[in-house]
2 protein chains.
Amino acid sequence: MAEKTLDTENVLGYNVNAENVFEKPLTAGVKRMSTTIKDIAQLLHLSVSTVSKALNDYPDVAPKTKQRVQEAARSLGYRPNVIAQRLQSRRTGTLGFVLWYGEDSISDPLFNELLISMLDAAARRQYDLLVSACPLGTSRPAAYERMIKTGRVDGFILDGTDRQDDRITYLCREGFPFVVFGRTEQDIDFPYVDVDGCAGVRQAVQHLIDLGHRRIAFIGLPSFSFCAYDRRLGYEAALEANGLPLETDLIVEVEAGSEENGYSAMIQLLELSHPPTAVMVSSDLMAIGALRAAQERGVTVGRDLALIGFDDISLAAYTHPPLTTLRQPMQEIGQRLVDMLVCLLEDRPLPERHVILPPPLVIRQSSGETRGGP
Amino acid sequence: MAEKTLDTENVLGYNVNAENVFEKPLTAGVKRMSTTIKDIAQLLHLSVSTVSKALNDYPDVAPKTKQRVQEAARSLGYRPNVIAQRLQSRRTGTLGFVLWYGEDSISDPLFNELLISMLDAAARRQYDLLVSACPLGTSRPAAYERMIKTGRVDGFILDGTDRQDDRITYLCREGFPFVVFGRTEQDIDFPYVDVDGCAGVRQAVQHLIDLGHRRIAFIGLPSFSFCAYDRRLGYEAALEANGLPLETDLIVEVEAGSEENGYSAMIQLLELSHPPTAVMVSSDLMAIGALRAAQERGVTVGRDLALIGFDDISLAAYTHPPLTTLRQPMQEIGQRLVDMLVCLLEDRPLPERHVILPPPLVIRQSSGETRGGP
DNA sequence: CTGTTAGCGCGTTCAA
DNA sequence: TTGAACGCGCTAACAG
């Protein structure tokens with residue numbers, strides 16, 4: 001959202017973030033498209049309530065009328081108006097997802113997969129998914145509060161947790177249903193699905209150690225993010241378990257997981273007087289940047305340098321060399337998030353309140369072959 | 001959506017696509033969260049309608065009461081219930097977007113940008129965007145029909161048009177509002193935004209010709225897709241304008257714009273007895289695959305071979321060598337689509353009914369420097 | 001200026 | 001077994 005290429009400008013001079021508490025009512029433009037229960041009732045000389053009951057398969061309707069009604073409905077192409085159903089039932093049948101975007105997170109390659117799997121699972125459960133995009137930097141609880149107060153959604157799916165996450169504090173206090181992709185360090189219990197970044201990275205780094213590496217660097221994300229911190233812990237744990245020293249020179253923390261940041265972090269590592277022989281990178285996009293940096297400096301990844309990423313984005317298999325990485329099973333994650341939230345909303349017991357999935361280590365060529373001693 | 005990793009399976013055995021015309025009503029679980037107009041009315045000993053009018057700034061309310069009401073509303077954190085507003089106004093305030101996904105289109109890198117810009121523009125106009133994911137292969141008009149009949153949306157945004165597009169035929173016949181990213185060859189007039197793929201590719205190929213290339217290949221998408229065909233026309237036009245022959249050997253059409261397909265198309269071209277010296281590729285993702293193929297075969301892109309992509313995805317700047325490409329201004333496209341549809345919905349005149357944006361040629365290293373004759 | 005009445009389309013009492 | 005009456009929360013027409 002950097003550039004303002006559009007010439008139509010802020011057409012109404014409308015400022016969404018202003019203290020404009022009262023959204024103006026939707027104006028005019030009435031159009032009738034679909035058939036209603038009333039139409040069927042009139043056609044069949046029945047009462048509206050009988051038709052309604054027939055359509056919803058109530059037991060106290062004569063089988064004959066039930067059939068007549070359903071046939072009429074079918075032939076008229078009747079579909080119940082969800083807005084009316086929602087008002088009546090006081091349930092929106094809608095799951096909310098707020099997409100927090102910054103300059104960099106716009107092209108997050110995993111988001112597509114998460115979105116599609118959530119949409120798919122939601123549709124299967126007869127729910128809509130309402131996605132709302134908000135720029136990072138605005139108050140986060142406020143965005144959720146608005147959706148709650150205006151009655152748009154029944155519950156939320158959150159992702160990208162911070163170690164201390166104000167959204168979770170807020171939603172818990174409100175008692176509004178939600179599930180989370182990710183964990184926090186807060187002393188609050190909430191339902192979540194997460195990938196075990198710590199164990200995954202630990203396994204990956206162990207793999208590097210087993211290959212003979214001793215100077216292993218780490219390129220990570222800002223440690224206020226839970227998963228960033230979690231992954232880093234895995235890195236530290238692996239070193240410690242193998243009696244290797246933790247050298248601060250070898251740890252680079254960047255602001256966002258972009259290609260460019262991976263590139264410059266790698267340059268920084270390569271310029272060290274005693275550069276690492278292996279690098280664990282917290283995201284594939286950054287790993288691709290790191291790959292480019294190495295290539296530019298004449299360092300052959302997979303031979304002179306071992307590199308492991310995180311995510312297993314679709315391109316990871318096609319880099320040069322193909323990227324060893326930890327795979328995030330986004331399909332399963334999205335599906336489970338939706339299933340859990342729907343359980344919550346329908347007062348069904350949750351099979352598992354906390355799901356932690358292991359990210360499988362996908363070994364390709366970037367981590368190289370076994371090598372000699374240090 | 002290839003794998004079925006989830007063990008919870010089809011929990012209810014519910015089949016969305018079945019002839020299940022009547023969605024079961026949303027069950028139980030009533031919860032009161034927000035304050036209503038009624039609450040304010042009771043608190044202030046006023047009638048509901050007066051409060052409503054005060055909130056909506058009607059002229060026929062005493063300034064004093066208006067202020068009292070607005071203050072009460074503010075302090076109670078009142079937000080109008082959008083569901084009720086929608087039922088009343090018979091407008092959903094919601095734009096619909098159906099995301100058609102296949103195996104490959106899941107990781108379409110441009111979709112993120114389109115989505116965010118649409119969400120952003122919609123929010124600015126006080127509209128929600130309802131995204132619905134449907135697998136390719138199911139009836140397309142049916143998906144839109146369902147959203148219309150159930151009263152979920154006021155209008156649609158379509159993308160990825162075919163030269164003959166059944167969705168457009170359907171929506172036109174229904175007289176339901178929609179705008180399109182892309183054009184068709186049908187004899188129907190509808191509002192659209194599109195990128196001039198023909199002119200863009202023509203310019204790109206001309207650039208290659210100006211660099212001295214004479215054997216220029218084309219890797220394209222299936223020609224039932226409008227933009228695929230459009231781009232190919234640009235390729236052919238450029239050749240013809242320069243008196244170059246059209247050689248069918250040099251044209252490869254793949255099924256989808258994946259990295260792998262770009263790779264194998266490129267391999268096919270390189271194995272020709274008389275391979276091309278330049279290749280115009282219809283998408284960046286495919287161009288990245290083509291890059292890999294060239295590299296693998298020891299062909300140095302930017303020197304031995306010129307390569308141009310299409311899209312300007314964020315990674316295009318970071319390939320090796322950086323990719324010359326035609327940039328699709330997704331921000332502007334998404335914004336314009338939303339603005340146009342909102343105009344339609346609010347019966348405001350459309351500034352432009354047909355918008356065709358030129359895709360700027362972004363010259364990087366993959367197209368190489370000027371070279372000698374053929 | 002305010003309040004009463006009506007209705008958006010639906011599901012759900014409770015009488016008949 | 002059917003239908004009449006009510007309410008979800010809101011806006012809108014009309015009386016007072």
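In what follows, every chain begins at residue 1, and chains take the letters A, B, ... in the order their sequences are listed.
Between B:Ser52 and D:dC10 there is no side-chain N or O to OP1 or OP2 distance below 4.0 Å. Distances shorter than 4.0 Å separate none of the side-chain N or O atoms of A:Tyr78 from OP1 or OP2 on C:dG9.
A:Arg68 has its CZ atom 15 Å from the P atom of D:dT1, to the nearest Å. As rounded to whole Å, 15 Å separates atom P of C:dT2 from atom CD1 of B:Ile37. Regarding B:Arg152, its CZ atom lies at a distance of 13 Å from the P atom of C:dC10, rounded to whole Å. Between the CZ atom of A:Arg79 and the C1' atom of C:dC10 there is a distance of 15 Å, given to the nearest Å. Rounded to whole Å, atom P of C:dG3 lies 13 Å from atom CD of B:Gln42. Note: CD (B:Gln67) to P (C:dC1) measures 14 Å, nearest angstrom. At whole-Å resolution of the value, OH in A:Tyr58 and P in C:dC10 are 14 Å apart. As rounded to whole Å, 14 Å separates atom C1' of C:dT12 from atom CD of A:Gln85.
Among residues two or more places apart in sequence or in another chain, the ring-ring contact (aromatic ring centres under 6.0 Å, His included) test is passed with B:Tyr170 by none. Considering only residues two or more places apart in sequence or on other chains, A:Tyr192 meets the ring-ring contact (aromatic ring centres under 6.0 Å, His included) condition with A:Phe190, A:His354. Not a single side chain to side chain donor-acceptor pair (under 3.5 Å) links A:Ser139 to another residue, sequence neighbours left out.
One finds a salt bridge joining A:Asp128 and A:Arg86 here, because a Lys/Arg side-chain nitrogen approaches an Asp/Glu carboxylate oxygen to under 4.0 Å. A salt bridge is defined here as a Lys NZ or Arg NE, NH1 or NH2 lying under 4.0 Å from an Asp or Glu carboxylate O, and B:Asp159 with B:Arg167 fails to meet this definition.
Counting any heavy atom pair closer than 4.0 Å across all strands shown, B:Asp60 reaches a base atom. Looking at heavy-atom distances under 4.0 Å, B:Ile83 makes no contact with the nucleic acid at all.
Considering only the side chain of A:Asn56, C:dG11 comes nearest among D:dG9, D:dT2, C:dG11. Closest contact between the side chain of B:Thr65 and the listed nucleotides D:dT11, C:dT2, D:dT1 involves C:dT2.
Between the axis at the start and the axis at the end of the helix from C:dC1-D:dG16 to C:dA16-D:dT1 there is an angle of 50°, using five pairs per end and rounding to 10 degrees.
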Protein-nucleic acid N or O pairs under 3.5 Å, nucleotides 4-8 of chain C:
{"from": "C:dT4", "atom 1": "O4", "to": "B:Ser49", "atom 2": "OG", "distance (Å)": "3.1"}
{"from": "C:dC8", "atom 1": "O2", "to": "B:Gln88", "atom 2": "N", "distance (Å)": "3.4"}

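A donor-acceptor pair shorter than 3.5 Å can be found between the side chains of B:Asp120 and A:Tyr101. Between the side chains of B:Thr50 and B:Ser47, at least one donor N or O sits under 3.5 Å from an acceptor N or O.
Between A:Phe156 and A:Tyr144, the ring planes lie perpendicular to each other; the angle is over 60°, past the 30° to 60° tilted range.
Counting only residues at least two apart or in different chains, salt bridge (charged side-chain N to carboxylate O under 4.0 Å, His left out) contacts with residues 170-179 of chain A are absent.
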